[in-house]
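Structure, as structure tokens:
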Amino acid sequence: MAGIADNRVMSERTIPIIDHRYASSVPRIPEVPPAVGAPAHDLLGRKLHDLRISITDRCNFRCTYCMPKEIFDKHYEFLRHSELLSFEEIARVARTFVALGVKKLRLTGGEPLLRRGVEDLVAMLAAIRTPGGDPIELTMTTNGVLLARKAEALRRAGLQRITVSLDALDDATFRRMNDADFPVQAVLDGIRAAQEAGLNPVKVNMVVQRGVNDGEIVPMIDHFRGSGAVLRFIEFMDVGNTNGWRMDQVLPSTDVIAAIARHYPLRPRSATTRGETAERWVLDDGSLELGTISSVTRAFCRDCNRARLSMEGKLYLCLFASHGHDLRTLLRGESGVKPVSDGELSAAIAQVWRERGDRYSELRGSAAAPPASRRVEMSYIGG
Ligand code: SAM
Ligand code: SF4
Ligand code: SF4
């Protein structure tokens, strides 16, 4: 198993980094731009395929493993609206990425459904075509609480699928984990609305923390069997600096599968696409497809084909990065830099991707791993 640091405390809760002024630099525009349409490969030969776009740093939840209340409290300074990329700017960056080979866009946050007019952004992104004229895959990750109200409009705007996070079925456990007193029923209503709107198959993501919600694994299976949803179990990750991550709270996916197998016979399924993060499983009676995402115990960096764009226009090449590439300065022409043309933007992004060598999960716990300080938070970069 790659990258395990047994029982080590990886981040200290005592000195969290709590602002968004993460280190960043303005990407350089190469003098010789890459050939138009040439796919971008990084230093490890990974081809750019996905772009995750975080559209807000705000959230209505305070999940204890993501935005702990004692840090993301009323004194916490969220970004001002003028600091966020506008929908037009997001669409321009997304079009550039698609021209460079991206086939899939995922909207995330914070909580993406809190961004006003998000349906308009979905419509703008849904209109993007690949250089070959094909539609792109367009999806979203949400905590689901506003989904009952928004699912139909999102679908009509062109969203194709949705992932809903849900960590427990037991209401008390769920409220404790979201730490904002939201009932589980609100999320279940959202999932049902998404299914009725045709955003199928809905994926349901559960972050499993040993001793916190591992008792919910089997109840979640009982509930989602026969529902048409896909249920995925995610290992608790050491992202950011504020969630007090400890290795002993990680329940390895192998243990999750063993726990399920004691109640339901299941078998593995092969991956559908290269770079897919989840290992796929199916209950023997075919009533539920499952996934396990094992970024701690089974690193998948060698196939990692994702770039991440923050709400303020910084491009990150890894979930565990502590340095971003400031595209907003290029787009707006801030700080004395002149605004770039589409060709220059494309060349700058391609160059950033070509220089990428990130593989944090493979290095976790080794001397070569980048230091934990100044890592971007999950609520900022969106998972
Ligand atoms: N607010 C939305 C939601 O919760 O679905 C989108 C943003 S959230 C940061 C994206 C995903 O990251 C969620 O599925 C969440 O459970 C997951 N996540 C957050 N912190 C995590 C951690 N420390 N380890 C593993 N997954 C985490
Ligand atoms: Fe909000 Fe999602 Fe983070 Fe929970 S995991 S605090 S819902 S951004
Ligand atoms: Fe990708 Fe970084 Fe995660 Fe590795 S650690 S899979 S490079 S995001």
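First listed ligand is number 1; within each ligand, the first listed atom is number 1.
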Atom indices of ligand 3 within 4.0 angstrom of Phe300 heavy atoms, with elements: 6 (S)
Quick one: nearest non-hydrogen protein atom to atom 6 (S) of ligand 2, plus distance? Cys63 N, 3.4 Å
Do Ile260 and Leu290 make a side-chain contact, defined as non-hydrogen atoms from C-beta onward lying under 4.5 Å apart? yes
Less than 4.5 Å apart, any side-chain heavy atom of Tyr380 and any of Met311? yes
Write out the residue and atom name of the closest protein heavy atom to atom 24 (N) of ligand 1, then the distance separating them to 0.1 Å. Met237 N, 2.9 Å
Among Thr141, Thr142, Asn60, which residue meets the side-chain hydrogen bond (donor to acceptor under 3.5 Å, both in side chains) test with Glu111? Thr142
Give the atom numbers and elements of ligand 3 that come within less than 4.0 Å of a heavy atom of Asp358. 7 (S)
Just which atoms of ligand 1 are under 4.0 Å from any heavy atom in Asn143? 2 (C), 3 (C), 5 (O)
Using a strict cut-off of 4.0 Å, indicate which atoms of ligand 1 neighbour a heavy atom of Thr142. 2 (C), 3 (C), 5 (O)
Answer yes or no: are there more than 12 heavy-atom neighbours, outside Arg149 itself, under 6.0 Å from its atom CZ? no
Which of the atoms in ligand 3, numbered in the order shown and given with their element, are less than 4.0 Å from a heavy-atom of Ser361? 5 (S)
Hey, which atoms in ligand 2 end up nearer than 4.0 Å to a heavy atom of Asn143? 7 (S)
Under 4.0 Å from a heavy atom of Gly110: which atoms of ligand 2 are those, numbered in the order shown and with their elements? 8 (S)
among protein heavy atoms, the one nearest atom 1 (Fe) of ligand 2 is Cys59 SG, 2.3 Å
Please identify which atoms of ligand 1 are closer than 4.0 Å to at least one heavy atom of Gly110. 1 (N), 2 (C), 6 (C), 7 (C)
Glu89 side-chain N/O to Ser86 backbone N/O, donor-acceptor pair under 3.5 Å: yes
Ligand 1 atoms in contact with Val239 (distance to a heavy atom under 4.0 Å): 22 (C), 23 (N)
Under 4.0 Å from a heavy atom of Arg308: give me the atoms of ligand 3 that qualify, with their elements. 8 (S)
Check each atom of ligand 3 against the heavy atoms of Phe320 and keep those under 4.0 Å away; list them by number with element. 5 (S)
If we number the atoms of ligand 1 from 1 as shown, the ones under 4.0 Å from a heavy atom of Glu111 are 1 (N), 2 (C)
Is the shortest distance from a Lys or Arg side-chain nitrogen in Lys103 or Glu137 to a carboxylate oxygen in the other one below 4.0 Å? no
Do the rings of His325 and His323 sit parallel, tilted or perpendicular, given the 30° and 60° boundaries? perpendicular
of all protein heavy atoms, closest to atom 21 (C) of ligand 1 is Tyr65 CD1, 3.6 Å
Which atom names give the shortest non-hydrogen contact between Phe72 and Glu377, and what distance separates them? CZ-CG, 4.3 Å
Is Met237 close enough to touch ligand 3? Criterion: a residue heavy atom under 4.0 Å from a ligand atom. no
Give me the residue, atom name and distance of the protein heavy atom closest to atom 3 (Fe) of ligand 2. Cys66 SG, 2.4 Å
Side chain Gln249, main chain Arg210, donor-acceptor under 3.5 Å: no
Between Thr163 and ligand 1, find which residue part has any heavy-atom pair under 4.0 Å and reply side chain, backbone, both or neither. neither
Near Tyr360, which atoms of ligand 3 are under 4.0 Å from a heavy atom of that residue? 5 (S)
Decide if the gap between the ring center of Phe182 and the ring center of Phe174 is smaller than 6.0 angstrom. no
Please give me the minimum heavy-atom distance between Glu119 and Ala157, naming the atom from each residue. O-CB, 3.4 Å
May I ask you to check whether Ser379 has an N/O atom sitting below 3.5 Å from an N/O atom of ligand 1? no
For atom 14 (O) of ligand 1, the protein heavy atom that lies nearest, with its residue and separation: Ser165 OG, 2.7 Å
Which heavy atom of Thr96 sits nearest a heavy atom of Arg92, and at what distance? OG1-O, 2.8 Å
Should the pair Asp181-Arg175 be classified as a salt bridge under the 4.0 Å nitrogen-to-oxygen rule? yes
Residues Asp284, Arg267: salt bridge by 4.0 Å N-O rule: yes
For ligand 1, indicate whether the residue Thr141 contacts it via side chain, backbone, both or neither (heavy-atom separation under 4.0 Å). both
Kindly indicate whether the side chain of Leu251, heavy atoms from C-beta on, has any atom under 4.5 Å from the side chain of Glu235. no
Nearest to atom 8 (S) of ligand 1, what protein heavy atom do you find, and at what distance? Gly382 O, 4.4 Å
Test item, Met206 contacting ligand 1 (heavy atom, 4.0 angstrom): no
Check each atom of ligand 1 against the heavy atoms of Asn243 and keep those under 4.0 Å away; list them by number with element. 23 (N)
Measuring from atom 26 (N) of ligand 1, which candidate in Thr108, Leu107, Val207 has the nearest non-hydrogen atom? Val207
Enumerated ligand 2 atoms positioned under 4.0 Å from heavy atoms of Met67: 6 (S)
For atom 19 (C) of ligand 1, the protein heavy atom that lies nearest, with its residue and separation: Met378 CG, 3.3 Å
For a 4.5 angstrom cut-off between non-hydrogen side-chain atoms, does Asn243 reach Met237? no
